[in-house]
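Just so you know, these numbers come straight off a predicted model, no measurement behind them.
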Amino acid sequence: MKWVCCQLGAREHYAIPRALFRLGMLGCLVTDAWVSPSSLLAKCCAHSSKLGDRFHSELCDARVKAFNSSLLLFEMFAGARNCVGWPQILARNRWFQSKVVSFLRSQLSTINYQPILLSYSYTALEPFRYAKSLGWKTLLVQIDPAPEEERIVAEEAARVPQLAADWQAAPPEYWTFWREECKLADRIVVNSEWSREGLIRGGVPAEKMSIVPLAYEELGVGRRREPRLQRNYPDRFTAERPLRVLFLGLINLRKGVARLLEAARILRDEPVEFWMVGPVEIANASTMGNAGRVKWFGPVTRKQATEFYRDADVFILPTLSDGFAITQLEAQAHGLPVIASKICGEVVENGVNGSILDEPSAACIAHAIRDCIASPDRLEKLASASGVRDKFTIEALANQLQRLGATL
């Protein structure tokens with residue numbers, strides 16, 4: 001059984017197509033951009049955090065269809081028209097689906113087998129409609145808890161309007177299209193129990209869903225792994241050598257950033273500094289965080305992210321809702337203990353490789369960080385036990401997808 005994977009962006013470092021390729025089951029990866037390191041485009045965007053990462057060496061021999069030129073034109077015209085926010089998201093989703101269907105019609109309509117068409121949520125509707133017209137099986141990968149997550153973020157925006165900026169709920173058609181995607185899907189993959197519960201509350205039948213956690217491998221097959229980083233913590237944290245707390249990802253309300261900045265203010269007299277790495281999607285962030293030692297680094301490339309994981313003392317994810325949060329696995333792969341909320345993928349084993357927050361509140365965050373400040377030796381033990389468990393490997397993902405495909 002061959003699979004066709006439709007993927008807008010470089011989600012999870014192309015983990016699903018990589019897993020299928022290892023099994024010999026990847027018929028084609030259809031994506032918006034694919035930038036070979038030797039290409040002119042790669043050289044042009046060498047310092048970009050966007051297109052420069054749109055490639056994986058493990059898939060260099062796989063069949064990949066991308067729309068580089070069309071994507072560049074789309075983004076150029078969207079910028080010229082000042083198309084931003086939800087209009088831009090919806091337009092990009094429509095553009096990608098149109099390109100996918102055109103490719104499927106021209107290249108795959110005459111194949112002598114019926115593949116499984118896999119697509120991620122919010123860009124699956126038109127590909128699924130076409131696949132169903134040919135009798136193909138469809139699998140939807142749901143990236144988040146959908147309307148349930150939006151409700152949570154709306155409540156947070158109302159709680160901290162000074163940070164909410166111009167946050168807006170999705171337009172009604174966004175959820176209308178999504179519900180049709182769910183109906184057309186023969187199976188829906190979610191990445192955590194939290195997502196499954198959210199979708200059930202959103203009206204998706206429980207029996208239609210399967211939980212498949214995300215996977216992370218820093219290196220591809222056949223590449224030599226670097227020696228494991230040995231973390232050296234000081235005997236005590238001081239103002240000169242503070243605890244370095246890393247947050248890496250989208251800096252927005254959904255990720256619990258408002259609570260994290262409130263915790264930074266609580267800890268303003270403690271030997272701790274907060275590294276905020278990623279695109280800032282909130283307003284007045286620096287003003288709210290200036291009572292504590294908060295450093296803002298902006299978006300980074302994957303290579304730069306590795307350096308932050310290496311230099312930090314602990315990773316924090318006080319998310320209010322996440323379909324999984326692959327940054328947990330990235331941190332663990334670099335031997336970095338994780339402080340995480342319960343509202344995401346279950347990566348952290350409390351007291352083994354990190355700490356689980358009772359709730360993502362400023363008080364709980366501050367308490368967990370104070371524990372780290374008080375016990376550098378405990379942090380060292382958590383770091384020594386950190387790593388990507390077998391159930392989060394590409395091999396484990398491949399086995400789950402193979403079993404899932406056999407049931408369709």
Side-chain angles (χ1 to χ4, degrees), residues 2-23 25-36 41 49-72 74-75 89-104 107-108 115-131 136-144 177-178 181-182 184-191 195 210 212-217 220 250 302 323-326 329 394 397-398 400-401 404-405:
K2 294 288 187 179
W3 296 54
V4 176
C5 294
C6 305
Q7 178 169 333
L8 176 63
R11 298 198 65 85
E12 297 108 44
H13 316 313
Y14 304 102
I16 286 179
R18 288 163 60 199
L20 293 169
F21 185 69
R22 291 186 189 183
L23 294 174
M25 295 169 58
L26 179 65
C28 185
L29 166 63
V30 188
T31 188
D32 57 329
W34 192 251
V35 185
S36 170
L41 185 56
S49 61
K50 296 181 180 180
L51 290 180
D53 289 328
R54 299 297 186 88
F55 181 80
H56 200 287
S57 59
E58 194 171 342
L59 295 172
C60 62
D61 293 326
R63 185 182 183 187
V64 178
K65 175 61 181 179
F67 313 106
N68 293 358
S69 299
S70 180
L71 174 64
L72 292 174
F74 170 84
E75 297 296 346
I89 292 171
L90 291 172
R92 185 184 291 116
N93 290 352
R94 286 193 299 268
W95 165 82
F96 181 65
Q97 292 178 77
S98 173
K99 300 301 291 185
V100 170
V101 172
S102 293
F103 169 73
L104 295 178
Q107 299 292 321
L108 299 181
I116 296 172
L117 184 72
L118 178 148
S119 186
Y120 286 82
S121 50
Y122 314 121
T123 59
L125 181 55
E126 296 305 327
F128 277 9
R129 283 174 172 167
Y130 180 73
W136 298 357
K137 296 296 184 180
T138 54
L139 190 147
L140 180 70
V141 181
Q142 179 65 38
I143 64 175
D144 56 27
F177 296 157
W178 169 74
E181 288 178 346
C182 291
L184 289 171
D186 291 301
R187 199 73 184 164
I188 300 172
V189 163
V190 295
N191 303 128
S195 272
S210 296
V212 178
L214 295 189
Y216 178 79
E217 283 183 14
L250 295 175
R302 287 214 177 95
F324 188 89
I326 199 171
L329 295 181
I394 298 290
L397 173 61
Q400 291 185 82
L401 290 173
L404 197 57

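- Here the side chains of Phe177 and Tyr122 are not in contact, with every heavy-atom distance at 4.5 Å or above.
- Under a 4.0 Å N-O distance rule, the pair Asp32/Lys99 does not qualify as a salt bridge.
- Asn191 places no side-chain N or O within donor-acceptor distance of the main-chain N or O of Pro213, the cut-off being under 3.5 Å.
- A distance-only check finds a donor-acceptor pair linking the side chain of Arg18 to the backbone of His13 [under 3.5 Å].
- Using a 4.5 Å heavy-atom threshold, the side chains of Leu26 and Leu59 count as touching.
- Side-chain atoms of Lys137 and Arg187, non-hydrogen and from C-beta on, never get closer than 4.5 Å to each other.
- Proximity of Leu29 to Trp34: side-chain heavy atoms (C-beta onward) are separated by under 4.5 Å at one or more points.
- Taking all atoms of both residues into account, the shortest heavy-atom contact from Gly405 to Ile116 is CA-CD1, 3.8 Å.
- With hydrogens and angles disregarded, a donor-acceptor distance shorter than 3.5 Å links the side chain of Ser102 to the backbone of Ser98.
- A 4.5 Å side-chain heavy-atom check between Pro17 and Trp3 finds every atom pair outside the cut-off.
- Here the side chain of Thr123 pairs no donor or acceptor atom with the backbone of Asn93 at under 3.5 angstrom.
- Glu217 places a side-chain N or O within 3.5 Å of a backbone atom of Ile394 that can act as its donor or acceptor partner.
- Using cut-offs of 30° and 60° for the angle between ring planes, the Phe96 and Phe67 rings count as perpendicular.
- Put simply, the side chain of Thr31 never gets that close to the backbone of Val64: no donor and acceptor are under 3.5 Å apart.
- Scanning all heavy atoms of the two residues, the minimum distance from Ser195 to Gly323 falls at OG-CA, 3.3 Å.
- Two residues are said to be in side-chain contact when any heavy atoms from C-beta on lie closer than 4.5 Å; Tyr120 and Ile16 meet this criterion.
- Closest approach of Ala215 and Ile326 over heavy atoms only: O-CD1, 3.7 Å.
- Taking CD from Glu126 and CD from Glu181, the interatomic distance works out to 9.5 Å, rounded to the nearest 0.5 Å.
- For the pair Trp178/Gln142, a side-chain contact is recorded, criterion being any heavy-atom separation below 4.5 Å from C-beta on.
- Between Ser119 and Phe128, the shortest heavy-atom contact is CB-CE1, 3.9 Å.
- How far OG of Ser121 is from CG of Asp144: 5.5 Å, rounded to the nearest 0.5 Å.
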